[in-house]
**Student:** 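Structure below; questions to follow.
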Amino acid sequence: MRRTPHPIQVRRVYDEPRRSDGSRVLVDRLWPRGVSRERAHLDEWLKQVAPSPELRTWYGHVPERFEEFTARYRRELDDPQSAEALQHLRELASAGPLTLLTATKDPAISEAAVLARILRGHG
């Protein structure tokens with residue numbers, strides 16, 4: 001898998017946008033509470049790449065489940081609709097800086113972190 005030359009960041013949708021963000025893409029299935037579309041400063045909301053509701057519910061952002069969540073989520077990304085959305089993220093990452101946004105409290109153990117790792121060519 002080839003690596004993108006552009007930076008890929010993972011940030012919370014609640015954080016203020018930065019000039020270095022490049023394309024800002026929300027990768028959560030549900031719209032974040034308390035955030036207007038204007039305040040989010042999104043370029044896209046790509047909910048097709050988000051984990052299934054069943055996987056998200058099972059995971060519950062329990063840190064001890066992150067490794068298993070990652071494995072299950074990667075299998076879900078083989079679904080044609082998810083794979084197409086992931087390919088779109090690859091294209092965005094090839095074109096310039098990309099920021100994957102999530103509403104989770106700990107982005108380091110989120111689907112956005114898994115996607116960033118894949119896009120960086122590390123898995």
Side-chain angles (χ1 to χ4, degrees):
M1 185 168 295
R2 67 172 198 241
R3 298 179 69 192
T4 178
H6 303 289
I8 299 169
Q9 302 177 76
V10 174
R11 300 189 53 226
R12 294 188 76 219
V13 70
Y14 302 104
D15 297 338
E16 288 297 317
R18 296 179 187 158
R19 287 184 184 258
S20 62
D21 283 349
S23 294
R24 292 172 51 86
V25 180
L26 179 64
V27 295
D28 289 351
R29 187 169 303 273
L30 303 174
W31 186 261
R33 290 182 184 164
V35 176
S36 68
R37 295 193 189 267
E38 294 77 31
R39 183 171 171 256
H41 297 281
L42 294 182
D43 292 298
E44 292 187 51
W45 179 17
L46 198 60
K47 55 186 155 185
Q48 301 87 341
V49 78
S52 67
E54 296 80 16
L55 180 57
R56 183 176 51 82
T57 300
W58 169 83
Y59 175 43
H61 295 279
V62 175
E64 295 78 22
R65 293 184 181 168
F66 184 64
E67 190 175 326
E68 179 64 21
F69 166 77
T70 298
R72 291 182 186 191
Y73 179 43
R74 291 179 59 82
R75 286 192 294 275
E76 285 190 354
L77 290 171
D78 290 336
D79 171 77
Q81 189 176 23
S82 297
E84 185 178 323
L86 180 58
Q87 180 56 36
H88 179 64
L89 286 177
R90 284 188 177 103
E91 291 164 6
L92 290 174
S94 293
L98 175 63
T99 299
L100 303 175
L101 299 168
T102 181
T104 186
K105 291 180 182 175
D106 189 351
I109 59 169
S110 70
E111 75 274 5
V114 175
L115 291 168
R117 186 168 174 80
I118 291 168
L119 294 170
R120 290 177 186 135
H122 297 187

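It should be emphasised that the depicted structure is a prediction, and the values quoted were computed from it without experimental measurement. Heavy atoms only: backbone and side chains are in, while hydrogens, waters and symmetry mates are out.
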**Student:** How many angstroms lie between atom CG of Leu86 and atom CG of Leu77, to the nearest 0.5 angstrom?
**Tutor:** 5.5 Å
**Student:** Who pairs with Thr70 by side chain to side chain donor-acceptor pair (under 3.5 Å), at least two apart in sequence or on another chain?
**Tutor:** none
**Student:** Would you say the side-chain atoms of Arg12 pair up with the backbone N or O of Pro107, donor to acceptor, closer than 3.5 Å?
**Tutor:**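 Side chain of Arg12 to backbone of Pro107, a donor-acceptor pair under 3.5 Å: no, none is there.
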**Student:** Would you give the length of the straight line joining atom CG of Leu92 to atom OG1 of Thr99, rounded to the nearest 0.5 angstrom?
**Tutor:**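 Here the interatomic distance stands at 11.0 Å.
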**Student:** If you look only at pairs with a residue in residues 76-85, which of them pass as a side-chain hydrogen bond (donor to acceptor under 3.5 Å, both in side chains), with sequence neighbours excluded?
**Tutor:** Ser52-Glu76
**Student:** Tell me the closest heavy-atom pair linking Arg18 and Gln9, and the distance in Å.
**Tutor:** NH1-OE1, 3.7 Å
**Student:** Quick one about His88 and Gln48 (side-chain donor to acceptor, distance below 3.5 Å, no hydrogens or angles considered), yes or no?
**Tutor:** no
**Student:** Quick test of your reading: applying side-chain hydrogen bond (donor to acceptor under 3.5 Å, both in side chains), list the pairs with at least one residue in residues 105-114, sequence neighbours left out, ordered by first then second residue.
**Tutor:** none
**Student:** When you group the ILVMFWY residues by side-chain heavy-atom contacts below 4.5 Å and let the links chain together, are Val10 and Leu42 in the same group?
**Tutor:** no
**Student:** Identify every side-chain donor-acceptor pair in residues 55-63 under 3.5 Å, counting partners at least two apart or on other chains, and give the distances.
**Tutor:**
| unit_1 | atom_1 | unit_2 | atom_2 | d |
| --- | --- | --- | --- | --- |
| Thr57 | OG1 | Pro53 | O | 2.8 |
| Tyr59 | OH | Ile109 | O | 2.6 |
| His61 | ND1 | Thr104 | OG1 | 3.2 |

**Student:** Do Leu98 and Leu26 sit in the same hydrophobic cluster, where Ile, Leu, Val, Met, Phe, Trp and Tyr count as joined when their side-chain heavy atoms come under 4.5 Å apart?
**Tutor:**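 Each belongs to a different hydrophobic cluster.
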**Student:** Kindly write out the residues that satisfy salt bridge (Lys or Arg N to Asp or Glu O under 4.0 Å) with Asp21, not counting sequence neighbours, or none if the list is empty.
**Tutor:** Arg11, Arg24
**Student:** Before giving the answer on side-chain contact (heavy atoms from CB on, under 4.5 Å), spell out for Val13 and Asp28 the whole-Å C-alpha distance, their side-chain angles and the decisive distance to 0.1 Å.
**Tutor:** CA-CA 10 Å; Val13 70; Asp28 289 351; 5.8 Å; no
**Student:** Which heavy atom of Ser23 sits nearest a heavy atom of Asp43, and at what distance?
**Tutor:**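 The answer is CA-OD2, 3.2 Å.
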**Student:** Salt bridge (Lys or Arg N to Asp or Glu O under 4.0 Å) with Arg72: which residues, sequence neighbours excluded?
**Tutor:** Glu68
**Student:** Counting only pairs under 3.5 Å, give me each side-chain donor-acceptor contact of residues 30-41, with atom names and distances, residues two or more places apart or in other chains.
**Tutor:**
| unit_1 | atom_1 | unit_2 | atom_2 | d |
| --- | --- | --- | --- | --- |
| Trp31 | NE1 | Val35 | O | 2.7 |
| Ser36 | OG | Arg39 | N | 3.0 |
| Arg39 | NH2 | Tyr14 | O | 3.0 |

**Student:** In Å, rounded to the nearest 0.5 Å, how long is the span from CG of Leu46 to CZ of Arg29?
**Tutor:** 10.5 Å
**Student:** Is there a continuous path of hydrophobic side-chain contacts, each under 4.5 Å between heavy atoms, that joins Tyr73 to Leu89?
**Tutor:** yes
**Student:** With the 4.5 Å side-chain cut-off for hydrophobic clustering, are Leu101 and Val114 part of the same group?
**Tutor:** no
**Student:** If you take all heavy atoms of Ala116 and Leu100, which pair is closest and at what distance?
**Tutor:**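 That would be N-CD1, 3.7 Å.
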